[in-house]
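Before any comments, here is the structure.
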Amino acid sequence: MIVPYTHVMLLGGVLFLLGMICTLTRRNLIMIILGLEIMLNAAAITFVGAGLHLQQIEGQAIALFILAVAAAEVSVGLALVVCIYRQTGTVDPQCIEGNKCQLKPDQTG
Amino acid sequence: MFSKPVPADSLYLAWAAAVFPLAAFGIIMIFLRRLPKAAAGVSLSAIAVSLVCAVCLLARHWHLEMPLESTVQWMASSDFEIPVGVLIDGLSLLMLVIVSGIAFLVQLYSIGYMAGDPGYARYFGFMSLFAWAMTSLVLAPNILQLFIFWELVGLSSYLLIGFWYEKLSASQAGKKAFVMTRAGDTLFFCGWLILLVWGGTVSILDLNHSAHSLSQAMVTASALLVFGGIAGKSAQFPLMTWLPDAMEGPAPVSALLHSATMVAAGVFLLGRLFPFFSQSDAAMTVCLFIGFVSMLLSATMAMVSRDIKQVWAYSTVSQLGFMIMALGAGGYAAGIFHLTTHAGFKALLFLCAGMLIHACETNDMFEIGQAGGRRMKLTVLCMTIGALALSGIWPFSGFFSKEEIMAALAAANSPVWYIGGLAGVFLTAYYSFRLIFVILLPGSTKAHGPGSQSGPEHARAVMHAVLVILAVITLVMGFFAESLQNLLTGQGVNAPGVHGPFPAKVVSPVLAIAGIVVAWLEFGRKDSARIGFAGRISPVARLFGQRWYLDHAYGWLVGRILDRGIAEGCQQNENRVIEKILHTVAGSVTACGRAAAGWHRAMIQSKLMVVFAVVFGLTLILLAA
Amino acid sequence: MTNWTLFIPELYSLGAAGVFFLFCLCRPDSRRDYGAAMILSALGLFLTVWSVGFQGSLFEGVYRVDLYSQVFKVLIYCGFFLAVCLCADLSGVDESRHSEFYFLLALCTLAMMLLVSCVHLLAIYIALELSSYSLYVLVYLRRGYQKGLESALKYFIMGAASSALMLFGFALVYGTGQSAYLVDLMRDLPGRINEPVVLIGFILALSGFFFKLAVFPFHFWAPDAYEGAPHQVSAYIATASKVAAIAVLIRIIALSGGQSDRLAWFLIVLSVASMTVGNLAAIAQKDLKRLLAFSSVAHAGYVMIGILSLTALGYASAVFYGMSLLVMKFTCFMVVVKASENGRNISTGDLAGLHYRAPVLALALLLALFGLAGIPPTMGFTAKLLIFTAAMKQGLLWLVIAAMFNVVISLYYYLQILKAAYFIEPEGQPPPIVVSTPLKLAAIAMILLMVAGGVYPGPVIDLAGDMTMGLFP
Amino acid sequence: MELHAAQFPFLSTLLLFCIASLGLVLVLPKNSNTAVKWVSAVCSGATLALALFLFAAYDRELGGMQFVEQYRWIPALGISCIHGIDGFAAPMLLLTGIVFFTGVLTMWHLKHRVKEFFALFILLVTGVYGMFMALDLFFIFVWFDVSLLPMYLLIVIWGSTLREYGAMKLTLYLLFGSALILPGIVYLVSVSGLDTFSLPALAQKGVFSGFEQKVAFFLFYVGFGILAGVWPFHTWSPPGHVAAPTAVSMLHAGVLMKIGAFGILRVGMFLCPQGWVHWAPLMAVLATIGIVYGALVGLRQTDLKFVIGYSSVSHMGIVGLGFATMTVDGINGAVFQMFAHGVMTALFFSAVGHFYDQTHTRQIGELGGLCRVMPVAGSYFILAALAGIGVPCLASFWAELLVFIGAFRVYPVLAIISLGVLVINALFILRVVEKTCFGPMAVHWAHLQDVTFGMAIPRAVLAAAIVIFGLMPFLMYEVIQTATIPLINGLNSLAGQTAADSINTLLSQWMSRLP
């Protein structure tokens with residue numbers, strides 16, 4: 001293995017952190033879901049790296065599964081977001097709380 | 001040992017003397033509350049049995065060489081045992097006869113006096129309770145038993161003073177009596193505890209005989225504490241003001257409890273533990289001093305009071321002060337003898353007062369005089385006999401006993417006591433005859449005599465009979481002085497010589513006559529001003545009339561310091577501190593709850609932030625640790 | 001060689017879910033759906049009970065069937081069955097969605113049954129996600145209540161975030177533990193648990209289960225989800241889902257081998273925080289379901305006390321606690337369902353007059369609340385005694401005292417509920433609550449269970465002990 | 001401790017009888033009020049008879065634990081079901097029987113939600129009975145809590161003044177207490193290493209180290225002490241009394257507070273003698289404060305039940321002081337005080353209950369002269385007051401006497417302070433008697449009814465108990481003694497000197513440390 005496992009772990013960690021920051025900072029439900037996806041992918045990369053490191057095929061298999069599950073997750077999430085948008089006219093996470101922004105649908109973005 | 005066991009027959013007699021009234025009390029309170037006649041009958045028969053037993057005992061043990069004592073164990077807790085039993089010696093025999101005799105007479109008198117009262121049965125129930133407690137008290141062989149009955153006579157006193165409970169002043173007087181004597185009793189109890197825990201014995205005979213083996217400090221401390229109880233019960237300074245108030249009770253109650261017997265229990269206790277007290281000079285001096293102060297203070301109070309029963313009440317305090325002085329001066333037999341004579345004539349005085357009050361429906365002696373109290377000839381005659389005895393005029397019983405007391409005082413270490421005693425003799429005669437003259441020689445009387453005397457004719461006859469019996473006792477008692485002294489001192493109590501120096505024998509009767517004369521000059525003469533020498537100076541009159549402001553002091557102590565001071569402080573602590581702390585805790589918990597609940601309404605990303613922060617933060621801390 | 005008989009309960013559940021899937025395609029008919037659900041869930045319950053004694057391993061060791069998993073399956077199926085029992089009047093869900101509702105419920109049950117048997121990281125992950133997704137949608141199914149959607153979304157985001165954390169943790173554990181099989185990890189991890197990467201991985205890996213169990217700080221979804229979901233779904237989340245979470249959490253934490261003080265401390269902090277936050281927040285709640293959600297958070301904290309002792313006794317006590325929670329929380333939700341009209345959310349005050357409107361329910365509620373507060377002689381008390389004993393064996397006296405203080409706080413709001421049910425007179429004259437005979441029987445059964453669990457819990461404790469014995473090969 | 005097996009399971013019979021009655025009450029139809037009352041009365045009467053029998057049949061020569069029954073219960077946890085009574089428990093059972101019986105009769109006129117009331121009442125009493133006879137820590141705790149929780153509903157539903165507040169405060173306070181007891185129990189069981197909850201097994205010597213005993217005793221002392229009204233944890237009690245209906249007040253002050261004291265005795269002192277010795281000075285000081293403070297605050301109260309509530313605080317302080325003395329006399333007195341105060345305060349509350357039923361007020365200022373219209377009720381009230389003051393020949397006197405003797409041996413200063421309070425005690429109790437029963441009667445009270453013959457029965461039973469044990473205290477002491485002496489002997493042999501001596505040493509050490 002050319003790249004040491006530690007580096008892969010670090011890459012996964014950094015990616016995970018980035019995803020986390022994304023979920024925390026973006027005021028948009030879709031971006032939050034994207035951030036979550038990034039975190040999942042970071043985990044997948046770490047799995048792959050670990051699988052390589054351990055010379056097991058399992059790691060990569062798990063990564064594949066993660067991709068599939070993540071897809072399902074995104075579809076559930078997006079479906080909810082769409083419903084929210086239909087109902088409130090916004091995807092701002094701040095505005096879905098207790099229907100605060102319902103009267104001003106033009107503020108979405 | 002200092003005693004022999006009581007022979008079985010005497011034991012039964014002693015038990016019977018005590019237990020019959022108890023049985024009467026139980027029967028009356030449980031079954032006979034609605035049957036007044038039966039209640040009176042039961043109560044009287046019980047006390048009659050007691051009296052017979054007492055007299056039999058006295059006759060049987062007239063020449064007693066050694067005290068008789070028998071006890072059985074009533075209760076035991078580890079090394080502490082509570083025995084009950086009887087101690088028979090001269091003192092207890094004498095007291096037993098006095099108590100049961102006076103109680104019998106007073107109950108007989110009450111049949112007429114209390115007739116028609118709605119609480120008739122209750123009255124006789126309480127009287128039986130008292131009779132039981134008092135007879136058991138005088139027979140008690142150890143201080144605990146004595147203390148128990150000491151408390152019980154206090155209880156019956158409370159119940160009887162507040163007998164007419166619808167009168168607020170009566171129930172307040174009862175409360176006052178109970179609480180003030182309780183204050184003394186607490187000291188008594190402490191003294192008892194010292195004797196029990198550090199002294200190792202509470203048996204009266206043991207204490208009397210082995211007091212010298214105990215340390216002086218302990219004897220003094222416990223004696224002084226026990227004296228606290230005596231002062232409370234016998235209404236001595238400074239716990240004296242309950243007794244005048246106790247006159248709210250029916251007159252027979254005052255006669256029995258608050259002059260003749262119950263209040264004398266303090267003197268009795270002092271006499272019981274006389275050898276023990278003698279071990280401590282300090283305690284004896286305190287006795288002398290307290291007796292002295294009480295005697296003079298209450299005599300001054302009696303000088304200005306207009307209430308006939310209050311005058312006799314002050315006089316009782318004063319005479320008890322005499323007795324305590326006598327005992328404090330070492331005149332054991334003198335004190336007890338005065339107790340005996342005093343029981344007779346003071347009961348007589350109170351019962352006469354009761355007749356007058358009943359007839360005139362007022363307590364004020366001037367009003368009684370104006371209402372024509374003197375027309376009740378027998379009553380007024382008996383009252384005069386009693387007053388003469390009280391003043392110490394020959395040949396009435398009071399003369400003999402007072403003479404002995406004066407002799408004892410004269411033999412005491414300081415002339416102050418003797419001079420004080422003389423002043424007391426003068427004042428006694430003065431206030432007694434002030435009363436007598438006010439009633440006997442009123443300036444003007446109403447046309448009609450006193451209102452119809454209540455009760456049926458035979459009842460009044462019984463009441464008169466009782467007065468006559470007591471008057472006769474007062475007349476003859478003095479001539480038994482020698483034999484009573486033999487009875488009392490025959491058992492190793494070393495009474496000092498009772499025959500004092502010559503002047504003493506003359507000085508005090510002269511002073512008594514002087515008192516009578518002064519009283520006549522001020523109240524008896526035709527055109528007298530009917531105002532005493534003390535009453536002329538208004539600050540002094542007010543001082544005496546207000547009982548030297550003792551009640552104010554107590555009122556201030558209880559009302560201000562205790563009630564509105566310490567107790568209110570505790571109450572404020574309860575409300576403002578403890579409750580406040582609780583409410584603060586509860587309030588902060590709910591506030592935290594509200595904050596936490598509000599926190600959960602935050603935006604989703606803030607929550608995510610918390611999740612990440614907590615997980616990573618904690619992990620980092622753990623790794624660093 | 002795969003012994004398929006071991007898999008029968010799961011297959012059956014799959015079949016049941018399939019039936020409802022077929023119903024989804026037909027015309028909506030709520031009575032048909034309810035009847036079918038009752039029959040199928042009851043049958044399934046018998047099936048799982050029948051399968052309790054199964055032992056074995058499936059799918060290359062990924063799937064383990066033992067007493068531990070089988071009993072949990074019974075419990076989960078119990079939760080399912082009881083939730084279905086409450087569905088006679090499923091007014092919180094749109095009529096046309098009833099088939100979907102049952103379908104998702106059955107699917108979720110299946111996922112949880114898989115979850116408690118899985119002994120492989122990936123399998124656990126997938127089973128967990130499957131159950132979560134079903135629940136997200138179930139929460140969303142609430143009719144005529146805008147919060148349903150909102151809470152589903154929050155539930156989803158929180159769930160996705162914690163499963164991401166968990167997955168990353170799995171990755172680290174897999175990388176360091178060199179295997180995705182729990183059996184292998186169990187051999188390998190205990191010795192290395194204090195290495196930083198392992199510890200981080202391990203802690204992160206727990207996130208997903210903490211989320212399921214609603215342990216602080218992963219509990220933020222709970223109040224909204226409970227409040228926004230249909231009552232039956234809330235009941236299901238509070239019972240079956242919690243039991244499954246406890247099961248798998250114990251499996252994972254058992255990997256640590258009980259030798260890590262650091263891990264224990266981490267768990268202690270979370271446990272105390274959960275109890276305190278849950279109980280404090282519950283005080284301020286008006287909405288009964290939201291209150292129960294916070295109480296669930298607090299109870300997650302108590303369960304953690306059992307788990308964090310990292311001993312067999314502790315795990316057994318946590319299992320027992322899970323069982324008692326199942327019974328007590330279900331009873332509470334039964335009352336919520338019956339007391340609410342048209343599936344609306346109710347506040348504490350709406351229980352007024354319950355004592356004469358439905359005496360049996362009121363009695364059951366009383367016992368359940370006392371049980372939740374840990375008052376003897378209820379099952380809840382035995383559970384608390386067990387977890388405290390376990391913690392005390394580790395010398396955690398102060399933790400036990402802290403937990404007891406929390407119990408006192410919790411009693412405050414439980415008593416408020418009780419006061420409403422027994423003392424406050426309702427305005428007007430609300431009619432008596434009609435409790436159908438089966439439900440009455442269920443309530444009586446719950447009462448008996450709660451009392452028996454408090455008075456004579458010996459057999460159940462033994463069972464819990466036997467179950468956890470299997471965790472340590 | 002010695003265990004003497006029972007020939008016949010009397011104790012279980014007693015408990016099962018209660019439970020069966022409870023079940024019967026529950027299954028009776030909703031409107032059968034009379035039947036419910038009769039079932040309760042029969043249950044209470046039968047248990048009273050049984051308790052009386054047990055008290056009488058308790059072998060004073062043999063001592064130890066008698067009527068012992070043992071059953072396997074939860075072997076996995078080392079929990080077994082052991083019942084037995086010793087010289088401490090036998091009087092308590094009798095007390096419970098008396099208060100239960102009289103409480104049921106006192107509530108005979110109840111019309112509101114009768115079935116529930118008596119069901120909860122029987123449940124509560126079952127807990128109390130169980131607590132007094134249980135010899136297994138698990139069961140002690142279970143019964144303890146069973147006897148607490150029904151209280152909440154009993155007060156909230158059938159109570160009066162400020163009932164919601166009072167009930168909540170009471171329950172939270174008491175549960176706070178049990179929040180310390182349960183950890184204490186679990187702690188002891190865990191550190192013993194014996195894996196048993198059985199009290200006799202744990203009470204053997206050398207099971208616990210000194211430190212463990214100190215920790216556990218403190219937990220038990222505070223936990224049970226809250227229920228026993230130990231200052232400063234007493235503030236739940238007076239509002240609770242005020243809020244509760246008559247029979248519940250009777251039970252609450254008469255029996256429940258005793259459970260607390262009994263818990264300290266049974267769990268604290270039996271298991272942690274060294275802890276007891278260690279904390280005894282604190283106990284004594286707090287008890288003395290309670291005695292003084294209760295009387296002083298009682299002086300300022302205007303509500304009858306508050307007065308009695310605070311006097312209970314004061315009287316329970318005497319129990320605490322007795323426990324702190326670690327002498328035979330002190331403990332004998334304390335246990336007798338538990339009994340005497342229980343009966344006395346039950347009589348008090350039942351009399352006050354009648355006043356309240358008739359006048360609908362408990363404000364002392366509004367009452368007065370009640371003896372005129374209700375002489376019987378008034379008499380019982382006065383009797384209770386006199387017992388409360390500690391008049392000789394009523395039960396409380398002997399208790400206080402012995403406690404003070406014990407206390408005087410060990411803590412003379414505290415004993416004298418507490419003795420002084422007897423005066424204040426007399427003052428405020430007599431003041432209440434004067435203001436309610438005596439004095440002129442307001443005209444609008446003229447129509448009031450005295451207690452009927454039937455309603456006088458419970459009061460007469462209580463009064464009889466006060467008087468009988470007041471006249472014949474040995475009946476009680478013979479029984480209590482059998483338990484006290486072994487306890488104190490064990491304590492003394494532990495330290496090699498009497499515990500009281502060691503306290504004195506300890507105190508002198510403390511004094512020497514002072515500047």
So, taking the atom named [atom1] in [X] and the one named [atom2] in [Y], what distance separates them when rounded to the nearest 0.5 Å?
| X | Y | atom1 | atom2 | result |
| --- | --- | --- | --- | --- |
| Ile581(B) | Thr235(D) | CD1 | OG1 | 10.0 Å |
| Ile382(D) | Tyr158(B) | CD1 | OH | 6.5 Å |
| Arg431(D) | Asp563(B) | CZ | CG | 4.0 Å |
| Leu187(B) | Ile416(D) | CG | CD1 | 10.0 Å |
| Leu419(D) | Phe188(B) | CG | CZ | 13.0 Å |
| Leu155(B) | Leu386(D) | CG | CG | 5.5 Å |

Heavy-atom side-chain contact between [X] and [Y] under 4.5 Å:
| X | Y | answer |
| --- | --- | --- |
| His234(D) | Ile578(B) | yes |
| Ile148(B) | Leu401(D) | no |
| Tyr310(D) | Glu574(B) | yes |
| Pro392(D) | Trp150(B) | no |

Is it the case that atom [atom1] in [X] sees more than 12 heavy atoms from other parts of the structure closer than 6.0 Å?
| X | atom1 | result |
| --- | --- | --- |
| Arg60(D) | CZ | yes |
| Tyr165(D) | OH | yes |
| Arg122(B) | CZ | yes |
| Phe149(B) | CZ | yes |

_Intermediate values then yes/no, side chain to side chain contact (heavy atoms under 4.5 Å, CB included), Val391(D) and Phe178(B)_ = CA-CA 11 Å; Val391(D) 167; Phe178(B) 193 91; 4.2 Å; yes

_Please classify the contact of Asn573(B) with chain D as side chain, backbone, both or neither, using a heavy-atom distance under 4.5 Å._
both

_chain D contact via Leu193(B) - which portion, at a heavy-atom distance below 4.5 Å_ = both

Counting heavy-atom pairs under 4.5 Å to chain D, which of [options] comes out on top?
| options | value |
| --- | --- |
| Leu562(B), Ile566(B), Leu159(B) | Leu562(B) |
| Arg182(B), Arg564(B), Met180(B) | Arg182(B) |
| Gln572(B), Glu568(B), Glu151(B) | Glu568(B) |

Looking at every heavy atom in both [X] and [Y], which two are closest together, and how far apart are they?
| X | Y | value |
| --- | --- | --- |
| Ser171(B) | Gly439(D) | OG-N, 4.3 Å |
| Pro440(D) | Leu168(B) | CD-CB, 4.0 Å |
| Phe474(D) | Trp74(B) | CD2-O, 2.8 Å |

Top contributor to chain B interface from [options] [non-hydrogen pairs under 4.5 Å]:
| options | value |
| --- | --- |
| Lys435(D), Lys169(D), Met476(D) | Lys169(D) |
| Ile488(D), Leu422(D), Asn425(D) | Leu422(D) |
| Leu172(D), Val467(D), Ile424(D), Ile389(D) | Ile389(D) |
| Cys371(D), Pro232(D), Gly369(D), Pro412(D) | Cys371(D) |
| Thr484(D), Val292(D), Val433(D), Leu299(D) | Leu299(D) |

Which bit of [X] is near chain B, if near means a heavy-atom gap under 4.5 Å: side chain, backbone, both or neither?
| X | result |
| --- | --- |
| Glu478(D) | neither |
| Leu402(D) | side chain |
| Trp231(D) | side chain |

_Side-chain ion pair, Glu434(D) and Lys176(B), N-O less than 4.0 Å_ = no

*Do the ring planes of Phe397(D) and Phe147(B) sit parallel (below 30°), tilted (30 to 60°) or perpendicular (above 60°)?*
parallel

*For this output row, return yes or no: ring centroids of Trp198(B) and Phe408(D) closer than 6.0 angstrom.*
yes

*asked:* If you apply the rule side chain to side chain contact (heavy atoms under 4.5 Å, CB included), what do you find for Ser379(D) with Arg33(B), and how did you get there?
replied: CA-CA 12 Å; Ser379(D) 308; Arg33(B) 286 178 72 127; 3.6 Å; yes

*Would you say Tyr293(D)'s side chain and Cys570(B)'s backbone share a donor-acceptor pair under 3.5 angstrom?*
yes

*Take Gln172(B) and Phe438(D) through the side chain to side chain contact (heavy atoms under 4.5 Å, CB included) test and state the conclusion after the steps.*
CA-CA 9 Å; Gln172(B) 278 173 341; Phe438(D) 297 158; over 6 Å; no

*asked:* What verdict does the side chain to side chain contact (heavy atoms under 4.5 Å, CB included) test give for Tyr173(D) and Leu582(B), after you've listed the backbone C-alpha separation in whole Å, the side-chain angles of each residue and the deciding distance to 0.1 Å?
replied: CA-CA 10 Å; Tyr173(D) 239 116; Leu582(B) 283 181; 3.6 Å; yes

